[in-house]
Amino acid sequence: MRVIVEPDRDEVGRRAAQFVAELVRRRPTCVLGLATGGTVLGTYAELIRMHREEGLDFSRVVSFNLDEYVGLGPTHPQSYRHFMQQNFFDHINIDVRNTHVPDGRALDFEAHCEQYEKHIREEGGIDLQILGIGGDGHIAFNEPGSSLGSRTRLKTLTEETVRDNARFFDNEDEVPRLAITMGVGTILESRRCLLIACGESKAKAIRETIEGPVTAQITASALQLHREVVAILDEEAARLLERREYYRQVEHAQTLMRSGQMRPLSPTR
Ligand code: F6R
């Protein structure tokens with residue numbers, strides 16, 4: 001896993017947006033996997049700025065969101081569809097027909113989840129999956145104990161997640177207890193993952209994810225099995241990482257290589 005530590009939340013947002021923008025420029029028809037929540041707001045704000053000021057073109061981009069609360073329709077102010085419209089889609093030139101968020105009011109959830117997976121496959125799979133992380137180490141709504149091979153399905157939220165997310169609702173009782181979520185297996189199939197974390201409250205989960213054993217108790221740790229994950233963290237979220245100095249050296253070497261000041265060793269003949 002490549003680990004990048006930035007000084008603060010704003011820099012994390014800018015850095016993550018650069019990864020997304022680079023892909024969108026190189027492959028205008030790319031498929032993005034998107035997340036909701038506080039962490040990704042800075043990334044979306046920077047992408048909106050790039051669209052407005054630099055003409056970053058989303059017109060042919062396709063997107064799939066990770067999850068949605070069960071019971072909330074698209075216009076409910078706390079639904080993830082609403083979040084995406086308000087914080088991202090309404091401010092860029094993406095074609096709304098190319099944006100996909102699970103339907104929290106599907107009549108047949110099993111069929112809907114299967115269809116969601118099929119749709120991702122039909123679009124050629126996810127090129128870049130953006131991920132936040134829960135304080136309990138979840139990615140999407142794959143709570144501790146979720147199978148590391150899981151697919152899109154219904155999931156019961158833990159009390160910790162309900163408490164964390166209550167800040168967006170009037171009170172804790174209003175937070176839905178069920179969500180539709182892509183599975184860990186679904187996420188691991190994306191070609192590249194961008195794991196973003198900010199703040200002290202994520203430090204323990206980040207340490208366990210990056211330096212702990214792979215375990216279904218910290219579903220983000222399954223990312224260690226993925227061949228291309230970039231973790232972008234602020235200082236606070238990176239605070240408990242033991243190998244921080246090494247990650248810094250790796251980034252420094254990468255910068256030197258990109259600028260031509262250092263060359264990779266040529267293969268022995
Ligand atoms: C949301 C999602 C969640 C969040 C995680 C962190 O679509 O998939 O896994 O990324 O709960 O949320 P914040 O960023 O609000 O701390």
Side-chain angles (χ1 to χ4, degrees), residues 8-10 12-13 16-17 20 32-46 63-70 72 74 76 78-89 99-104 113 116 120 126 128-146 150-169 172 175-188 190 193-206 208-209 218-223 229 231-234 236-237:
D8 56 38
R9 193 175 274 269
D10 288 348
V12 167
V20 180
L32 298 178
L34 300 177
T36 59
T39 312
V40 288
L41 284 175
T43 306
Y44 295 152
E46 177 63 6
S63 74
F64 287 91
N65 262 76
L66 286 167
D67 39 21
E68 178 61 284
Y69 288 119
V70 165
L72 304 194
H76 188 288
Q78 305 311 337
S79 74
Y80 284 174
R81 162 57 79 179
H82 189 259
F83 176 101
M84 292 308 298
Q85 294 298 142
Q86 291 275 307
N87 294 297
F88 195 31
F89 298 153
T99 67
H100 308 283
V101 181
D103 180 359
C113 292
Y116 204 69
I120 294 173
I126 292 171
L128 179 65
Q129 177 65 61
I130 297 177
L131 297 164
I133 183 170
D136 60 3
H138 70 228
I139 43 174
F141 272 133
N142 293 290
E143 299 286 34
S146 296
S150 51
R151 315 298 312 186
T152 303
R153 67 205 184 295
L154 284 189
K155 193 74 200 164
T156 305
L157 308 189
T158 60
E159 281 308 312
E160 180 174 354
T161 299
V162 170
R163 262 197 315 276
D164 280 352
N165 292 1
R167 65 190 195 275
F168 300 112
F169 292 79
E172 211 174 294
V175 184
R177 269 33 185 189
L178 282 177
I180 302 182
T181 179
M182 278 189 207
V184 180
T186 321
I187 292 167
L188 290 180
S190 49
C193 293
L194 214 49
L195 175 67
I196 310 175
C198 298
E200 170 70 35
S201 63
K202 304 295 171 73
K204 185 165 171 288
I206 281 296
E208 288 170 328
T209 294
I218 304 285
T219 53
S221 68
L223 294 171
V229 179
I232 307 181
L233 318 169
D234 71 358
E236 290 181 352

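One-based numbering, in listed order, for ligands and for the atoms of each.
A distance of 6.0 Å or more separates the ring centres of F89 and F83.
K202 NZ, 2.7 Å is the protein heavy atom nearest to atom 16 (O) of ligand 1. Looking at atom 14 (O) of ligand 1, its nearest protein heavy atom turns out to be T39 OG1, 2.5 Å. Nearest protein heavy-atom neighbour of atom 11 (O) of ligand 1: H138 NE2, 2.8 Å.
Taking every heavy atom of D67 and a limit of under 4.0 angstrom, the matching atoms of ligand 1 come to 1 (C), 2 (C), 7 (O), 8 (O). Here is the list of ligand 1 atoms found below 4.0 Å of a heavy atom in G37: 14 (O), 15 (O).
Where the criterion is an N or O separation shorter than 3.5 Å, residue side chain and backbone included, G134 fails it with respect to ligand 1. Between Y80 and ligand 1, not a single N/O pair is under 3.5 Å apart. At a 3.5 angstrom cut-off on N or O pairs, T36 counts as close to ligand 1.
Contacts between I133 and ligand 1, counted as non-hydrogen atom pairs separated by less than 4.0 Å, involve the backbone only. For L66, every heavy-atom contact with ligand 1 shorter than 4.0 Å involves the side chain, none the backbone.
Remark: the E143 side chain and the T161 side chain contain an N/O donor-acceptor pair separated by less than 3.5 Å. Side-chain N/O atoms of R81 and T99 include a donor and acceptor closer than 3.5 Å.
Taking OH of Y69 as the reference point, atom CD1 of I180 lies at 13.0 Å (rounded to 0.5 Å). Atoms OG1 and CZ, on T152 and F64 in that order, are 10.0 Å from each other to the nearest 0.5 Å. We find the CD-CD1 distance between E236 and I206 to be 13.0 Å, quoted to the nearest 0.5 Å.
Summarising the contacts of atom 9 (O) of ligand 1 with C198, G132, A140, the nearest heavy atom is found in A140.
Judged purely by atom type and a 3.5 angstrom limit, S150 has no side-chain atom pairing as donor or acceptor with the backbone of S146.
For the ligand labelled ligand 1, residue R167 lies inside the 4.0 Å heavy-atom shell.
Scanning both residues, A166 and V175, for their nearest heavy atoms gives CA-CG2, 3.7 Å.
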